[in-house]
Amino acid sequence: MKFDSKLAENQNLKQSFINCSASEESPVIVFVSKMLPVDKKMLPQNKQRPLTEAEIAERRRKAKEKIAERAAAKSQGQTTEAVTQEGETNEVLNPLPEDEPESKDKETDFVFVAFARVFSGTIRKGQKLYVLGPKHDPALISKKINSGEGIKEVNSIQELSHDDHATCVTIKDLFVFMGRELEGMDHIPAGNILGIGGLEDHILKSAMLQREM
């Protein structure tokens, strides 16, 4: 944030930055220092959900039924292949990630998560924030807002003209870093380090996020 600007709005933001208050009245100021590549499997929404007791019991029941069917088939002199041809499914009762050899050979997919810190206010899922690039001009942004033109909400910074360095986005995913794990959050107050998903098309390296003025 360019606090050296003489704009009154920026001077007010400077004081909010210093206070580091998480109150609802404080403007949201978040600094993104880098974009981290993260394996998609590490995202909370992609992690395998633990089975409930009822699901475990049901899988055990099906496993016992299959064992009984195979034992009966063997006693009748039939092969497992024959039973399969008669209608037995080849469903895996308890699939685990390590039981999928194709996943080991397939190239791992990554997404970029913004590594950031909240310096003022509280960032929330569903919030609309401005993404201000390193080359943004505070005076030009204020002029656009005051004229009613506003900041564009685009799908990617590639859609911006060469002199535009600000976009508007809706925050979709917030994370806190728990060692190597990511834990999903609905809101994160000032003073905390966090990860933000869905910004890979809006930030190349670093940026400032700010609540709509």
Side-chain angles (χ1 to χ4, degrees), residues 1 16-17 19-24 26-60 62-63 91-134 153 155-157 167-212:
M1 177 64 68
S16 298
F17 187 93
N19 293 338
C20 195
S21 171
S23 70
E24 292 296 330
S26 300
V28 176
I29 303 175
V30 181
F31 178 67
V32 177
S33 60
K34 63 173 68 175
M35 299 296 288
L36 295 176
V38 175
D39 192 327
K40 285 183 179 179
K41 295 179 182 178
M42 300 298 293
L43 299 179
Q45 60 268 33
N46 295 336
K47 289 184 179 179
Q48 188 176 19
R49 178 181 61 85
L51 296 176
T52 64
E53 291 186 8
E55 290 171 332
I56 293 174
E58 178 63 16
R59 292 195 176 194
R60 284 176 178 169
K62 288 183 178 180
E91 178 186 5
V92 178
L93 295 180
N94 190 20
L96 295 173
E98 56 266 29
D99 292 336
E100 300 175 359
E102 64 275 7
S103 63
K104 296 180 181 179
D105 300 330
K106 185 175 64 175
E107 184 179 353
T108 306
D109 292 328
F110 287 87
V111 293
F112 282 93
V113 172
F115 183 76
R117 180 178 178 180
V118 186
F119 283 96
S120 176
T122 298
I123 185 171
R124 301 179 183 276
K125 288 179 65 174
Q127 243 179 4
K128 276 196 173 183
L129 298 177
Y130 291 131
V131 181
L132 309 177
E153 186 166 0
N155 295 321
S156 168
I157 54 176
T167 63
C168 183
V169 298
T170 299
I171 301 300
K172 297 179 180 178
D173 294 303
L174 296 176
F175 312 108
V176 291
F177 295 93
M178 306 292 290
R180 296 181 59 186
E181 301 292 323
L182 291 174
E183 192 72 29
M185 302 289 288
D186 290 327
H187 66 278
I188 298 177
N192 288 287
I193 301 294
L194 74 156
I196 308 174
L199 297 181
E200 60 266 30
D201 292 325
H202 295 268
I203 301 176
L204 293 178
K205 292 183 179 179
S206 63
M208 184 73 73
L209 303 185
Q210 181 181 323
R211 189 164 60 190
E212 291 180 299

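We count residues from 1, following the sequence as given.
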- request: Using the side-chain contact (heavy atoms from CB on, under 4.5 Å) rule, take Leu209 and Ile196 through it: C-alpha gap first, then chi angles, then the decisive distance, then the call.
  value: CA-CA 11 Å; Leu209 303 185; Ile196 308 174; 3.5 Å; yes

- request: Go through the steps for Gln210 and Leu132 under the test side-chain contact (heavy atoms from CB on, under 4.5 Å), then give the verdict.
  value: CA-CA 8 Å; Gln210 181 181 323; Leu132 309 177; 3.6 Å; yes

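Rounded to the nearest 0.5 angstrom, Met185 CE and Phe175 CZ are separated by 12.0 Å. In this structure, Lys125 NZ and Ile171 CD1 are separated by 11.0 Å, a value rounded to the nearest 0.5 Å. To the nearest 0.5 Å, atom CG of residue Leu199 and atom CZ of residue Phe112 are 12.5 Å apart. Between the OG1 atom of Thr122 and the CD1 atom of Ile188 there is a distance of 10.0 Å, given to the nearest 0.5 Å. Atom CD1 of Ile123 is separated from atom NE2 of His187 by 12.0 Å, given to the nearest 0.5 angstrom. Put simply, CG on Leu129 and CE on Met208 are 12.0 Å apart, with the number rounded to the nearest 0.5 Å.
Between Ser120 and Ser16, the side chains place no donor N or O within less than 3.5 Å of an acceptor N or O (distance only, hydrogens not considered).
Scanning all heavy atoms of the two residues, the minimum distance from Ala116 to Val30 falls at CB-CG1, 3.7 Å. When all heavy atoms of Pro189 and Val118 are compared, the closest pair comes out as O-CB, 3.7 Å. The two residues Gly126 and Thr170 make their nearest non-hydrogen contact at O-CG2, 3.7 Å.
Applying the ring-ring contact (aromatic ring centres under 6.0 Å, His included) test to Phe115 and every residue at least two apart in sequence or in another chain returns Phe177. For Arg60, there are no side chain to side chain donor-acceptor pair (under 3.5 Å) partners at least two apart in sequence or on another chain.
With Gln127 contributing its side chain and Arg124 its backbone, the two residues share a donor-acceptor pair below 3.5 Å.
For residues 196-207, the pairs satisfying side-chain hydrogen bond (donor to acceptor under 3.5 Å, both in side chains) are Thr167-His202, with sequence neighbours left out.
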